[in-house]
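The chains referred to below are lettered A, B, ... by the order of the sequence lines, with proteins before strands, and numbering in each begins at 1.
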Amino acid sequence: MTIYDSHLKKKIEFKPIKDKEVRIYVCGPTVYDDAHLGHARSSISFDLLRRTLEALGYKVTFVKNFTDIDDKIINKMNSTGKSLKEITEHYINSYLADMEALNIKRADIEPKATESLEAMFELIQKLIDKGYAYKLSNGDIYFDVSKDKEYCKLSNKCQEDEGIHRIDTESKKNPADFALWKACKGEGDVCFDSPFGKGRPGWHIECSAMIKKYIAYTDTKYQIDIHGGGADLFFPHHENEEAQTFCAYNQHLAKYWMHNGFVNINGEKMSKSLGNSFFVKDALKHYPGEVLRFYLLSTHYKAPLNFSEEDLIASKKRLDKLYRLKKRVYAINKKQQDKEFEKKLLEPMKDNLNISKALAVVDEFVKNANEELDKNPKDKNLKQKIISNIEFINKLLGVGGSDAYKYFQEGIDKETKIKIEELIKKRDEAKKEKNYELADKIRNELKQMGIMLQDTPNGTVWEKV
RNA sequence: GGCGCCAUAGCCAAGUGGCUAAGGCACGGGCCUGCAAAGCCCUGAUCCCCGGUUCGAAUCCGGGUGGCGCCUCCA
């Protein structure tokens with residue numbers, strides 16, 4: 001397996017810290033709003049990584065946190081009058097529901113910042129003891145960047161001429177210093193008791209502390225194998241996490257750093273501030289989760305993805321072909337593993353998740369399978385092999401696992417379905433009597449309803465357009 | 001300003017020095033079909049521009065042009 005490492009800026013061979021075990025931590029969402037397509041893309045990217053590693057036989061421990069203390073959450077509390085818990089619980093559930101619709105495997109551990117405070121206290125205390133942190137008169141505790149000789153080596157994105165944009169520069173020693181602990185600001189703030197007084201943790205400390213608490217190796221050079229997140233998190237977030245962990249524990253945080261590319265809208269980054277963000281929930285009203293997943297999946301995780309409905313529809317048609325094949329082998333249950341195909345599909349995924357090549361393998365498989373079925377429509381062995389391969393595709397890529405008929409009929413209510421079946425029956429009778437005029441009239445009527453017919457050797461089947 | 005990414009057919013998108021530059025969508029032609037649909041077959045690119053290295057470059061180097069991201073909360 002090779003992986004593109006953001007730190008080294010090149011593709012390198014992946015070797016876990018400990019033989020067949022892989023520990024992954026991915027930065028999860030700050031739960032103050034619904035998940036947008038960017039969250040979906042990040043989740044899908046690392047879901048693919050996880051599935052690939054698992055298919056290769058690694059035992060993966062996958063952790064994704066919820067940031068449930070943050071300025072934005074506090075803002076939301078103030079604007080809605082709701083409690084922290086009400087807000088974060090609501091958005092955590094909403095996030096999980098969205099991710100489920102996208103067929104993202106749940107993380108093995110889903111830590112929350114609010115449940116990991118002790119670990120943060122420990123880390124902050126260690127940094128203070130070792131002289132890497134200092135306290136301001138207002139009670140805030142900052143990380144002293146100048147004390148860390150390694151600072152900025154991870155991302156190489158620091159600025160020579162001061163962090164102009166950074167806030168609170170007057171009181172900090174160095175503009176690049178970042179908050180480990182924010183002292184309580186009184187009314188309207190969210191405050192926790194701590195050895196450093198009432199307050200709340202800074203953003204960066206959360207991840208370092210949760211990694212340490214839940215999955216860190218203690219006796220190795222690196223605490224975990226892979227740390228992932230969106231491309232924007234590399235600096236300062238990941239740089240700061242690395243600094244905290246390295247200074248406190250003398251271990252690097254992660255052996256490999258992976259960052260997924262953005263979802264753009266009209267060539268621009270999708271973001272709240274640009275007002276062009278697109279919620280997963282809203283997208284799901286228009287397209288099934290699996291279709292959305294397949295679309296977001298089909299661009300390599302590192303590259304930016306320019307969201308367009310046109311491309312999504314083109315991508316859906318590609319997935320449709322897999323499901324039409326699945327319809328042809330419907331009701332076949334017995335498995336017949338095709339090792340050769342599995343290897344062929346896994347091969348490109350081993351190469352830094354080369355999804356384009358993997359999907360080309362799927363396309364080729366669909367084409368060949370259709371051809372062989374045309375030649376040998378009753379070959380049971382063949383059908384068993386095909387269904388097994390589709391199952392493997394689903395296992396590795398998370399698509400193709402739905403019922404083949406339901407896939408094409410999603411969003412059609414029961415009553416309509418009955419009506420469709422009746423019309424098809426009428427048309428079949430007309431066809432039998434060679435009354436093609438009537439048959440075509442019925443077909444047109446269905447077409448008006450958005451229903452396409454296919455006459456197959458096993459009878460007429462229908463699909464929603 | 002600092003750091004970095006990208007530019008391949010109408011669209012999406014692989015390819016990182018060497019047989020005829022993957023695959024999908026769209027378009028057109030064919031087989032199949034009562035006609036369709038589906039499926040299968042066929043059809044399309046001198047790889048942004050200029051220069052260099054090399055026997056040989058989409059692929060490496062230099063210089064342009066254009067687009068984007070991070071540096072401030074952000075997946």
If only atom types and distance count, is the side chain of R200(A) paired as donor or acceptor with the main-chain N or O of D70(A) below 3.5 Å?
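Side chain of R200(A) to backbone of D70(A): no pair is present.
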Treating primed atoms plus P, OP1 and OP2 as sugar-phosphate and everything else as base, which nucleotides of nucleotides 30-42 of chain B get B, S or - for protein heavy atoms under 4.0 Å?
----BBBBSSSS-
Which side-chain N or O atoms in residues 260-267 of chain A pair as donor and acceptor under 3.5 Å with protein atoms at least two apart or in another chain?
from: N260(A); atom 1: OD1; to: S42(A); atom 2: OG; distance (Å): 3.0
from: N260(A); atom 1: OD1; to: G230(A); atom 2: N; distance (Å): 3.4

Under 6.0 Å from the ring centre and within 45 degrees of the ring axis: does the NZ or CZ of K327(A) meet both conditions for the six-membered ring of F408(A)?
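Positive - K327(A) is close enough to the ring of F408(A) and near enough to its axis.
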Under 6.0 Å from the ring centre and within 45 degrees of the ring axis: does the NZ or CZ of K72(A) meet both conditions for the six-membered ring of Y32(A)?
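Positive - K72(A) is close enough to the ring of Y32(A) and near enough to its axis.
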For atom [atom1] of [X] and atom [atom2] of [N], their distance in whole Å:
X       : N      : atom1 : atom2 : result
E364(A) : A22(B) : CD    : C1'   : 10 Å
Y301(A) : G69(B) : OH    : P     : 21 Å
Y295(A) : G23(B) : OH    : P     : 22 Å
R318(A) : A22(B) : CZ    : C1'   : 10 Å
D70(A)  : A75(B) : CG    : C1'   : 14 Å
F365(A) : A22(B) : CZ    : C1'   : 19 Å
K157(A) : U72(B) : NZ    : P     : 11 Å
Y151(A) : C71(B) : OH    : P     : 12 Å

Tabulated below should be each protein N or O lying under 3.5 Å from an N or O of nucleotides 14-16 of chain B; please produce it.
from: A14(B); atom 1: O5'; to: S356(A); atom 2: OG; distance (Å): 3.1
from: A14(B); atom 1: O3'; to: N354(A); atom 2: ND2; distance (Å): 3.4
from: G15(B); atom 1: OP1; to: N354(A); atom 2: ND2; distance (Å): 3.2

Examine the side chains of [X] and [Y] and answer whether a donor and an acceptor come within less than 3.5 Å of each other.
X       : Y       : value
D351(A) : T2(A)   : yes
S94(A)  : D34(A)  : yes
Y323(A) : E463(A) : no

What does K327(A) touch in the nucleic acid at a heavy-atom separation under 4.0 angstrom: a base, only the sugar-phosphate, or nothing?
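Result for K327(A) = nothing.
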Searching all strands shown, indicate the nucleotide that pairs with [N] (Watson-Crick or G-U wobble; both distances under 3.5 Å).
N      : value
C60(B) : G52(B)
A22(B) : none
U16(B) : none
A7(B)  : U65(B)
G39(B) : C31(B)
U46(B) : none

What's the gap between U33(B) and C40(B) when it is taken at their C1' atoms, as a whole Å value?
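The answer is 14 Å between these two C1' atoms.
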Spacing of the C1' atoms in G24(B) and A9(B) (rounded, Å):
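It comes out at 13 Å once rounded to the nearest Å.
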Let me confirm one number: the CD1-CG distance from I211(A) to L253(A), rounded to the nearest 0.5 Å.
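Spacing of CD1 (I211(A)) from CG (L253(A)) equals 4.0 Å.
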Taking D320(A) as the fixed residue, which of K317(A), K316(A), R318(A) is the one that meets the salt bridge (charged side-chain N to carboxylate O under 4.0 Å, His left out) rule?
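Testing each of K317(A), K316(A), R318(A) against D320(A), the sole residue satisfying salt bridge (charged side-chain N to carboxylate O under 4.0 Å, His left out) is K316(A).
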So if I take every side-chain heavy atom of N156(A) and compare against C71(B), A75(B), C3(B), which nucleotide ends up nearest?
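The answer is C3(B), which lies nearest to the side chain.
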Are the gamma sulfurs of C184(A) and C191(A) separated by less than 2.5 Å?
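Yes - the two cysteines, C184(A) and C191(A), have SG atoms within less than 2.5 Å of each other.
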Need to verify one output field. Residue with the more 5' nearest nucleotide on RNA chain B, Y4(A) or A231(A)?
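Its nucleotide being nearer the 5' end, the pick is Y4(A).
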